[in-house]
**Student:** 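Encoded as C-alpha cells, here's the structure I'll be asking about.
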Amino acid sequence: AMAMLKGLKDLKRRAVESMYEAAGGDRTLDPDYESMRERYERLKIQINDAGAATSELMTKSRDYWEACAEATSAMASYYDGPFFQDWPEIESRLRAGEAASEMRQHVLFVNSVVRRSGNMLMKERALDPARSFMANSIPEVDRKVAEREQACKDMDSYRRRLQQAQEARKTMVMPNDAIRIQKNESQTQELAAKLERAIQVYEAANAVSKEEMLKLKLARDELVDLVTIHMLVAVAEVLDFASSRMAEIIEKLPAERVERARARVRELVRSGGPDRVDVQPSTLNKAMMLVSGKAVLRDFTKSPEQIAKEEAEQAERERMAKELVQQEERARVTGTMQAPLRGPAAQEAPIPRVAMRPMATPARDLSHARMVTVGGKAGKVATAAPGAGVPARGKSTSPPPPPGSVSALKARFGGGGAAPSPVTTTAARLPQATASPSPRGAPPTPPRPAAAAASALYLQAAFDNIADDADELEFNAGDMIIVEAQDDSGWWTGRNVRTGRSGLFPRNYCHEAPVSPDGAMV
C-alpha cells in the first residue's frame, strides 16, 4: 500500500511538472542529450523506412516479374494460336515465335525461382534484422530515455518546490511566525534531501540514456550496411541472371529492328529520358500565382530556343517513324523482309512473297451436293468441312482438293491424251460449275501461247502438287516453274525446273517468283 501510494504521488508530481513545462516554465536542459534525442527520433523513422522500403521492393519485384510472365506468356501464345490460325490461307510472316517462346520459359523460371530466391535473401538478411531492431533494440532504448525524462521531472519538481519554500521563509518574522518558521525549516531540509537524491538519479539516467542512444546509432550503422549490401546483391543477381539469358534470346530476332529499338532507347537516355508532360495550372491558378508573387510570367511561357528545340525533336521523331514505315512497306512489296537471325554476324536473306492459298467457298449447306456435267463426265461439287484444309504448323500441305477433275479438261481435247498444244487449241468455254473461282471447278479454255523466252514467266510453288495423271505436273513447295502456256480456267502448262518435266498444274498453287532459276531478278 505504501508503494502504491508513493507511485501515485510520483505520477501526480510528474503530471504537475509536465503541465508547468507546457505552460512555459523552466526545465533542466542538457544540450548534448537534446541533440542526441532529436537524432535518435529520426533514427527510428529511418530504420522503419528502411524496413518498409525492403518490403516494398520485394512486393514490387514480385508484381513486376509476374506481369512480365503474363505478358510473355500472352505473346508466345499468339504464335501458337490466333496469329497462326486466323489466316490459314496466307503464308505466315511471323519471325519472332521462337524467341517469344524461349522468353516465356525464361521469364517464368526467373519469376518462380530466381526472383523468389532473391526475395528470400532480402527477407533473411535485410527485412528480418530491421524488424528485430525495431522490435527489440528500440524499445529498450525508449525505456532508458523514459526513465531519464522522469528523473529530470522529479529533479525539477523538487528544485522548484525548494525554491518556493525558501521564498516563503523570507516573508516570515519572529516571534509571530515561530511555528511557521519551524515547519518551513523542516520542509526545506526534507526537500533539499529529496533534491539531492533526484539529482543523483537524473545524472545517472542521463548518462545511461546517452550511452544507449550512442550504442544504438552504431548498431544502426551495421544494420544499414547489412540491409543495403544484401538488397543490392539480391537485385543484381536477379537482373544479371535474367539479362544474360535475355541477351542470347534477343540475338535470335532480326538484327536491324533490334538495333533500331536499341538506338531509340539510347537516344532517349542521352536526352535525359522521354518527354514528361507537366500538369499545367488552370488560368485562374496562374493568375493567383502571378498576383501573389509565387510565379512570374516567364514561368508559363517557353523561350523561342525551347520551342525550336521541341519542334526539331518532334520533326526528327516523325521523320524516323515515316522512314521506318516506308522501309517496311518496300520490304513487303518486294518480298525482302528480314529473316530471323541467330547472331549479330548472321547474313540476312530475302523472304519470298506471300503465297496465297486457294480461297474457300463461303460456308453453306451442301450436304445434298449437286452433280454437274463437265466435258461429258459427271463430277461432284466438292465442299470442305469448316476448318478443313488448314495446314499444320511447320508443314507444307496442299490446299483442299479442287472441285471437278482435270479429266474434264483432257476430254475437251480428245480425252486422256497429252495436254493440248498451245498453237492448235481453240477456246470453247463451258458453263461454270460453281460460283467459286477454283481452278478445277471451272471448265478450262485452251491454253494460249506463253511469252517469248526472253520474257518468260517464272512461278514458285507455294504448296505440294501430286499429279493424278501422267500429263499433270508434279512439284514440291518451293520448286521453280517456267510457264509454257496460260489458260483462263486456272490450269496452266509449265515445266518444273528441278525435274525437267512439263504438264498441267493449278495456277493458284504458285505465286510469282522474285527471281529466275539462274538467280537473275525478273
**Student:** Check R62 against N111 and note the closest heavy-atom contact, atom names and distance.
**Tutor:** O-OD1, 4.1 Å

**Student:** Can you name the residues that form a side-chain hydrogen bond (donor to acceptor under 3.5 Å, both in side chains) with N136, not counting sequence neighbours?
**Tutor:** S132

**Student:** With a 4.5 Å cut-off on side-chain heavy atoms, are V208 and R148 touching?
**Tutor:** no

**Student:** Hey, could you give me the OG1/NZ distance between T54 and K123, rounded to the nearest 0.5 Å?
**Tutor:** 12.5 Å

**Student:** Side chains of P129 and F133, heavy atoms from C-beta outward: is any pair under 4.5 Å?
**Tutor:** no

**Student:** What heavy-atom pair brings C510 and A461 nearest, and what distance separates the two atoms?
**Tutor:** SG-CA, 3.9 Å

**Student:** How long is the span from the CZ atom in R131 to the CG atom in N48, to the nearest 0.5 Å?
**Tutor:** 11.0 Å

**Student:** Judged by atom type as modelled, is there a donor-acceptor pair below 3.5 Å linking the side chain of S77 to the main-chain atoms of A74?
**Tutor:** yes

**Student:** Any chance you could measure L223, atom CG, to Q46, atom CD, to the nearest 0.5 Å?
**Tutor:** 11.5 Å

**Student:** Who are the salt bridge (Lys or Arg N to Asp or Glu O under 4.0 Å) partners of E203, not counting sequence neighbours?
**Tutor:** none

**Student:** Do the side chain of T188 and the main chain of N184 share a donor and acceptor less than 3.5 angstrom apart?
**Tutor:** yes

**Student:** Please name the pair of heavy atoms, one in G118 and one in A234, separated by the smallest distance, quoted to 0.1 Å.
**Tutor:** O-CB, 3.5 Å

**Student:** Indicate yes or no for a side-chain donor-acceptor contact from S209 to the backbone of N206 under 3.5 Å, with no hydrogens or angles considered.
**Tutor:** yes

**Student:** Which atoms form the tightest heavy-atom contact between D30 and K210, and what is the distance?
**Tutor:** OD2-NZ, 3.2 Å

**Student:** Just to verify, what does R160 make a salt bridge (Lys or Arg N to Asp or Glu O under 4.0 Å) with, not counting sequence neighbours?
**Tutor:** E17

**Student:** Return the CD to CG distance between E167 and L162, rounded to the nearest 0.5 Å.
**Tutor:** 10.5 Å

**Student:** Tell me, do L218 and E222 make a side-chain contact under 4.5 Å, heavy atoms counted?
**Tutor:** no

**Student:** Would you please name every residue forming a side-chain contact (heavy atoms from CB on, under 4.5 Å) with R180, sequence neighbours left out?
**Tutor:** M172, D177

**Student:** Is atom CD1 of I179 surrounded by more than 12 heavy atoms (other residues, nucleotides or ligands) closer than 6.0 Å?
**Tutor:** no

**Student:** I need the full list of side-chain hydrogen bond (donor to acceptor under 3.5 Å, both in side chains) pairs touching residues 31-42, with sequence neighbours left out, sorted by first then second residue.
**Tutor:** Y33-R37, Y33-E149, S35-R39, R37-E41, R37-E149, Y40-D142, E41-K44

**Student:** For I138 and I47, run side chain to side chain contact (heavy atoms under 4.5 Å, CB included): C-alpha distance rounded to whole Å, both residues' side-chain angles, the deciding distance at 0.1 Å, then the answer.
**Tutor:** CA-CA 10 Å; I138 293 294; I47 295 299; 5.8 Å; no

**Student:** Ring pair (Phe, Tyr, Trp, His ring centres under 6.0 Å): which pairs involve residues 108-128, sequence neighbours left out?
**Tutor:** F109-F241

**Student:** With rounding to the nearest 0.5 angstrom, report the NE2 to CD distance, H106 to E248.
**Tutor:** 9.0 Å

**Student:** Give the minimum heavy-atom separation between A130 and G51, together with the two atoms involved.
**Tutor:** CB-CA, 4.2 Å

**Student:** With E147, which residues qualify under salt bridge (Lys or Arg N to Asp or Glu O under 4.0 Å), at least two apart?
**Tutor:** R143

**Student:** Using the salt bridge (Lys or Arg N to Asp or Glu O under 4.0 Å) criterion, which residues pair with E211? Sequence neighbours excluded.
**Tutor:** K215

**Student:** Quick one: does R169's side chain get under 4.5 Å of E185's, heavy atoms only?
**Tutor:** yes

**Student:** Tell me, do H230 and M122 make a side-chain contact under 4.5 Å, heavy atoms counted?
**Tutor:** no

**Student:** Rounded at 0.5 Å granularity, tell me how far CD in E311 sits from NZ in K309.
**Tutor:** 13.5 Å

**Student:** Test side chain to side chain contact (heavy atoms under 4.5 Å, CB included) on D154 and V201; report intermediate values, then the result.
**Tutor:** CA-CA 9 Å; D154 291 343; V201 173; over 6 Å; no

**Student:** Side-chain contact, heavy-atom cut-off 4.5 Å: W65 with V238?
**Tutor:** yes

**Student:** R116 side chain to S112 main-chain N or O, any donor-acceptor pair under 3.5 Å?
**Tutor:** yes

**Student:** Side chain to side chain contact (heavy atoms under 4.5 Å, CB included) between M75 and M103: does it pass, once the steps are laid out?
**Tutor:** CA-CA 10 Å; M75 287 188 294; M103 186 67 76; 5.9 Å; no

**Student:** Ignoring hydrogens and angles, tell me if any N or O in the side chain of S244 forms a donor-acceptor pair with the backbone of D240 under 3.5 Å.
**Tutor:** yes

**Student:** Given side chain to side chain contact (heavy atoms under 4.5 Å, CB included), test V110 with M246 step by step and report yes or no.
**Tutor:** CA-CA 11 Å; V110 170; M246 287 180 180; 5.7 Å; no

**Student:** Which heavy atom in R262 sits nearest to a heavy atom in I250, and how many Å separate them?
**Tutor:** NH2-CG2, 3.6 Å

**Student:** What do you reckon, is CZ of R159 surrounded by more than 12 foreign heavy atoms closer than 6.0 Å?
**Tutor:** yes

**Student:** Report the residues that fulfil side-chain hydrogen bond (donor to acceptor under 3.5 Å, both in side chains) with N119, sequence neighbours left out, ordered by chain and then residue number.
**Tutor:** none

**Student:** Determine whether a donor-acceptor pair (N or O, by modelled atom type, separation under 3.5 Å) exists between the side chain of S73 and the backbone of A69.
**Tutor:** yes

**Student:** Would you please name every residue forming a side-chain contact (heavy atoms from CB on, under 4.5 Å) with E124, sequence neighbours left out?
**Tutor:** M120

**Student:** When you compare the side chain of L195 with that of M155, does any pair of heavy atoms fall below 4.5 Å?
**Tutor:** yes

**Student:** Within the distance-only criterion (no hydrogens, no angle test), does the side chain of S186 pair as donor or acceptor with the backbone N or O of Q182 below 3.5 angstrom?
**Tutor:** no

**Student:** For R125, enumerate each residue passing the side-chain hydrogen bond (donor to acceptor under 3.5 Å, both in side chains) test, keeping only those at least two apart in sequence or located in another chain.
**Tutor:** none

**Student:** Can you confirm whether E66 is buried at CD, in the sense that more than 12 heavy atoms of other residues, nucleotides or ligands lie under 6.0 Å from that atom?
**Tutor:** yes

**Student:** Just jot down the side-chain hydrogen bond (donor to acceptor under 3.5 Å, both in side chains) partners of Q163, sequence neighbours excluded, or say none.
**Tutor:** none

**Student:** Do S137 and L216 have side chains that approach each other closer than 4.5 Å (heavy atoms only, starting at C-beta)?
**Tutor:** yes

